[in-house]
2 protein chains.
Amino acid sequence: MKASISTAAIPPDDVPTARLGRDDWLDAAFETVAESGFDSVRVLTLAASLGVTRGSFYWHFTDHAELITALVERWRTREIETHQRALEANLLEPKADLERMLEAALAHAGTEIKYLRFELALRGLGRHNPEVAAILVEVDRMRMRLFESKFLRLTNDPKAAADLAALFYLAIVGGTHALARPANPERTKDYLQRIIGHYLISQQTS
Amino acid sequence: MKASISTAAIPPDDVPTARLGRDDWLDAAFETVAESGFDSVRVLTLAASLGVTRGSFYWHFTDHAELITALVERWRTREIETHQRALEANLLEPKADLERMLEAALAHAGTEIKYLRFELALRGLGRHNPEVAAILVEVDRMRMRLFESKFLRLTNDPKAAADLAALFYLAIVGGTHALARPANPERTKDYLQRIIGHYLISQQTS
DNA sequence: CAGTCTCCGTACACTAGTGTATCGTTTCCC
DNA sequence: GGGAAACGATACACTAGTGTACGGAGACTG
């Protein structure tokens, strides 16, 4: 709701007739992507939802294409930031940490689902856009390695940790695609934990 | 390549100036969906690729929307058919059967990838279209139950079979989304099999 | 071999959307 | 308080795409 300001000082902030910044357009685009996908991002519609005309848009952006690339790039940098924070939070107890991670990954409720839907749309875009695909590969690798680092602290077999991490990460991605709506997060978390338990036990006893 | 015929008798079949049937348009639409998604299905483009004008299209279909629904419906019926065939082939040895299934699920090569990409695009469409979403839920349930039936013949714990089936199905779906191109099918198959082995062993010894 | 049905081309009207140029307001800043 | 820069409205030209009406050519059928 708070309008982002670029160069202005002490803005009224909450006045409906505030000047728009680049981020405001990006936020509006983000919303429509999460709701209807990238192909539904129209300059005309965004302008209407922001209460201005397209004249504003073509001042902040040179092009429709630039809006898309800027949106993707912003997502990438933010994703890297959250990854860094997750890395720093990696020094806690392994098991509770993993459970918290599963919890977060399966929490399709509230505002989280918006980010999930954006990412799904982004994967759709990545299938036709090589640069977006490269970014997705980068982020996927990042996350899988994070998973791997967590599993590595529960077992002594590095290959097993990599396999489990890949399997679980892919299952989580698949879970966001295969079900239109969350379905049954509780039961899902349960069997993920059980399988982890089984696997680690079989590791330690072998 | 073979042109489908609806009412004509003994067509030349292979003559470039053959009359078009409904299925020809559906085939062309299928191709573009697999390549560029549903939003890229344009009547104009399809007509150009088929070497005719839009006059032909609006004889076979009333609407652009009808083309989409017909395409989705055709996919659904075909998916049900292949599922029936898979059910009938379920009476072989469980282990070899499961391996063959994994092989098929990970075979992103050749012409298979076209069907995969179509399904990915379909999942994207299902996020905005409730009827398509319902069809996807139906097919996903079908396949997961098939997975479950296979796992059930390897363990005596029905809940474990359901969990494993869901996990693996979701991982396979996720694998088609997370990677722009197949990546490493061989290694993937390897760790899937290893994890199955571990899990079933831990089941039998507990 | 004329009639009818099937299939497709042509021409038109219409909508939605982009991009550009230009002008009018604010807002900052000295 | 008066430029100057930031921001946005207006109007125009242009493209891509849908849907419709109608006409024409082949193919089948009696």
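Naming: A, B, ... by sequence-line order, numbering from 1 per chain. Quantities reported herein were computed from a predicted structural model and do not represent experimental measurements.
- For A/R22 and D/dA6, the CZ to P distance is 14 Å, given to the nearest whole Å.
- In the model, B/D140 has a side-chain atom that pairs as donor or acceptor with a side-chain atom of B/Y169 under 3.5 Å.
- With C/dC7, D/dT18, C/dT20 as the choices, the nucleotide that has an atom nearest any side-chain atom of A/Y58 turns out to be C/dT20.
- Taking atom CG of residue B/D63 and atom C1' of nucleotide D/dG17, one finds them 13 Å apart after rounding to whole Å.
- A close approach under 4.0 Å does not occur between any side-chain nitrogen or oxygen of A/H60 and OP1 or OP2 of D/dA6.
- Of all nucleotides listed (D/dC7, D/dT10, D/dG26), D/dT10 comes nearest to the side chain of A/T53.
- In this structure, B/L44 atom CG and C/dT15 atom P are separated by 19 Å, rounded to whole Å.
- For B/F30 and B/F118, the gap between ring centers is short of 6.0 Å.
- Per the geometry, CG belonging to A/L46 stands 13 Å off C1' belonging to C/dT18, to the nearest Å.
- Remark on DNA chain C: of its neighbouring residues A/T62 and A/R42, the 5'-side contact belongs to A/R42, judged by nearest-heavy-atom nucleotide.
- In the set C/dG9, C/dT18, D/dG26, the nucleotide with an atom closest to the side chain of B/V52 is C/dG9.
- Between A/K114 and A/E35 no salt bridge is recorded (no basic side-chain N to carboxylate O distance below 4.0 Å).
- The side chain of A/S56 lies closest to D/dG8, out of D/dG8, C/dG17, C/dC8.
- When the C1' atom of D/dT18 is taken as reference, atom CD1 of B/I68 falls 13 Å away, rounded to whole Å.
- Here the P atom of nucleotide D/dT18 and the CZ atom of B/F61 are 14 Å apart, to the nearest Å.
- Atom CD of B/E131 has 12 or fewer heavy atoms from other residues, nucleotides or ligands within 6.0 Å.
- Picking from C/dC7, C/dT10, D/dG17 the nucleotide with the shortest atom distance to the side chain of B/W59 gives C/dC7.
- The CZ-P distance, from A/R19 to D/dA9, rounds to 10 Å in whole Å.
- Between A/A171 and B/L167, the shortest heavy-atom contact is CB-CD1, 3.6 Å.
- For A/H64, counting side-chain heavy atoms from C-beta on, the closest listed nucleotide (C/dG19, D/dG26, C/dT26) is C/dG19.
- When the P atom of C/dG17 is taken as reference, atom CZ of A/F57 falls 14 Å away, rounded to whole Å.
- Comparing D/dG26, C/dG19, C/dA11 by their nearest atom to the side chain of A/R54 picks out C/dG19.
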